[in-house]
Amino acid sequence: MTKRTALQKRARALQAEQGIGYHAALNLAREHTESPRTTVALLRPGKQPGQYILTVEHREHTVYGGPDRLDDALWGYGWKAAPGQDLAQLFAAGTGMLKLVRDERGHLEDQADAVWAGTGCNRFGARGPHAHDTHAPYLMAVVAALGAAGAHIADFDLYTDEDRRLYVTLAAGLDDDPEDADDTQRWVLGWIDARGWLIFLEPGPGESLGSCLTELPCSLMELPEDVAAAVAANRTMVSTPRTDHPLPGLEEPGRGWQPPAGYVTDPEVSGEPGDVCLDLERALAAYCQHPAWRADREQQLAAGQ
């Protein structure tokens with residue numbers, strides 16, 4: 001996703017709604033999306049020629065090449081230089097204070113942070129005691145739905161990097177031992193926040209993971225019971241020459257927890273890791289109230305984790 005894609009999309013919508021020119025719509029979209037939040041950053045020289053270190057809210061960012069590269073360096077963090085400053089003079093001095101304002105991306109970041117405030121989950125990965133990844137509640141809800149549908153879960157895990165991922169490994173049966181993973185190829189259900197659901201058989205010797213992936217016909221934030229149902233239906237759809245590795249059969253899952261009003265099963269994500277989609281954040285946050293997650297949290301707290 002380019003820097004201005006989200007802003008341009010909003011401007012095009014305003015242009016169609018109000019019958020105004022594109023540049024007028026772009027200015028209007030910018031006025032309505034940019035946050036007034038400001039901060040002051042400290043600029044100091046780096047260790048290499050042409051390198052500067054910019055400290056913004058206790059985080060250091062590296063700027064190469066002077067003021068003409070400042071916007072590029074700050075964009076990924078949702079900041080831009082406030083107008084009315086002599087950036088050339090500041091960089092010539094090599095040190096000083098720089099006023100920053102939130103840009104459109106930063107405004108979305110702030111709104112996403114507000115969604116997760118008070119949940120104990122962190123959008124940038126679990127940090128500190130009692131902190132959790134934001135896709136952990138959804139993972140536990142899906143694991144519970146798969147279990148209720150009759151699946152044997154060998155293992156599950158999640159990752160947070162540029163994107164958020166979760167994986168559920170389905171055992172061939174109750175006697176499937178995780179210690180025998182090198183000898184047994186098992187089905188794995190995966191989810192990526194910028195892509196959606198997929199399923200694959202663990203790669204064999206000489207196989208790449210990419211050659212084994214099959215898209216699962218589910219929306220990005222499909223309800224857990226519907227994910228389990230799609231896995232059950234997909235057992236005859238998965239394309240693989242290894243017929244000795246059937247997908248474990250599942251029963252139609254029961255229905256229990258219902259999402260809150262306004263829950264979006266198919267958030268419009270850009271497909272680029274790190275881009276913010278508020279509908280996705282709200283949908284993930286809804287699972288903080290899911291019984292499977294609450295039960296898991298109670299067990300962790302009882303164990304002192």
Side-chain angles (χ1 to χ4, degrees), residues 133-257 265-266 269 271 273 280 283-284 287 290-293 295-296:
D133 296 84
T134 49
H135 49 320
Y138 189 40
L139 168 63
M140 298 309 302
V142 170
V143 167
L146 288 167
H152 303 309
I153 309 297
D155 194 15
F156 56 86
D157 206 349
L158 48 76
Y159 303 90
T160 299
D161 195 3
E162 289 186 346
D163 53 24
R164 291 169 288 191
R165 302 179 178 222
L166 61 83
Y167 297 99
V168 182
T169 303
L170 303 177
L174 289 175
D175 58 346
D176 187 15
D177 187 349
E179 297 297 328
D180 297 331
D182 291 339
D183 302 321
T184 305
Q185 289 176 286
R186 299 166 297 183
W187 287 101
V188 180
L189 180 65
W191 178 88
I192 306 173
D193 67 354
R195 177 174 177 178
W197 286 99
L198 47 90
I199 192 165
F200 58 93
L201 193 63
E202 290 178 321
E207 290 183 315
S208 66
L209 178 59
S211 67
C212 305
L213 300 179
T214 299
E215 299 287 345
L216 197 66
C218 288
S219 297
L220 178 62
M221 289 302 299
E222 198 76 66
L223 294 180
E225 292 83 3
D226 293 324
V227 174
V231 171
N234 200 57
R235 66 177 304 179
T236 59
M237 295 169 55
V238 176
S239 176
T240 172
R242 292 185 296 274
T243 55
D244 56 328
H245 292 286
L247 183 66
L250 304 182
E251 301 172 358
E252 176 64 25
R255 301 287 163 173
W257 177 85
T265 59
D266 198 14
V269 296
L280 172 60
L284 285 170
Y287 288 91
H290 193 281
W293 173 245
D296 184 72

Peer 1: Does any pair with a residue in residues 189-201 pass salt bridge (Lys or Arg N to Asp or Glu O under 4.0 Å), and if so which ones, sequence neighbours excluded?
Peer 2: R164-D193, R195-E215
Peer 1: Can you name the side chain to side chain donor-acceptor pair (under 3.5 Å) partners of D266, sequence neighbours left out?
Peer 2: none
Peer 1: Compare every heavy atom of L139 with every heavy atom of F156, then report the nearest pair and how far apart it is.
Peer 2: CD1-CD2, 3.9 Å
Peer 1: With sequence neighbours left out, write down each residue that passes side chain to side chain contact (heavy atoms under 4.5 Å, CB included) with A283, or none if nothing qualifies.
Peer 2: M221, Y263
Peer 1: Heavy atoms, side chains only, cut-off 4.5 Å: are W293 and Y138 in contact?
Peer 2: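 No, too far: nothing below the 4.5 Å cut-off.
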Peer 1: Can you sort out the partners of A141 under side chain to side chain contact (heavy atoms under 4.5 Å, CB included), two or more places apart, ordered by chain and number?
Peer 2: P224, Y287, H290
Peer 1: Minimum heavy-atom separation for L284 and T134, please, with both atom names.
Peer 2: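 So the two residues come closest at CB-O, 4.0 Å.
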Peer 1: Can you name the closest pair of heavy atoms from A154 and R186 and give their distance?
Peer 2: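 Looking at all heavy atoms of both residues, the closest pair is CB-NH1, 3.5 Å.
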Peer 1: Would you call the rings of Y167 and Y159 parallel, tilted or perpendicular, taking 30° and 60° as the class edges?
Peer 2: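 Rings of Y167 and Y159: perpendicular, over 60°.
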Peer 1: Ignoring hydrogens and geometry, is there a side-chain-to-backbone donor-acceptor pair from H135 to L158 under 3.5 Å?
Peer 2: no
Peer 1: Taking the side chain as everything from C-beta on, heavy atoms only, tell me whether V168 gets closer than 4.5 Å to V188.
Peer 2: no
Peer 1: Work out which heavy atom in C218 is nearest to a heavy atom in D226; give both atom names and the distance.
Peer 2: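 It is SG-O, 4.2 Å.
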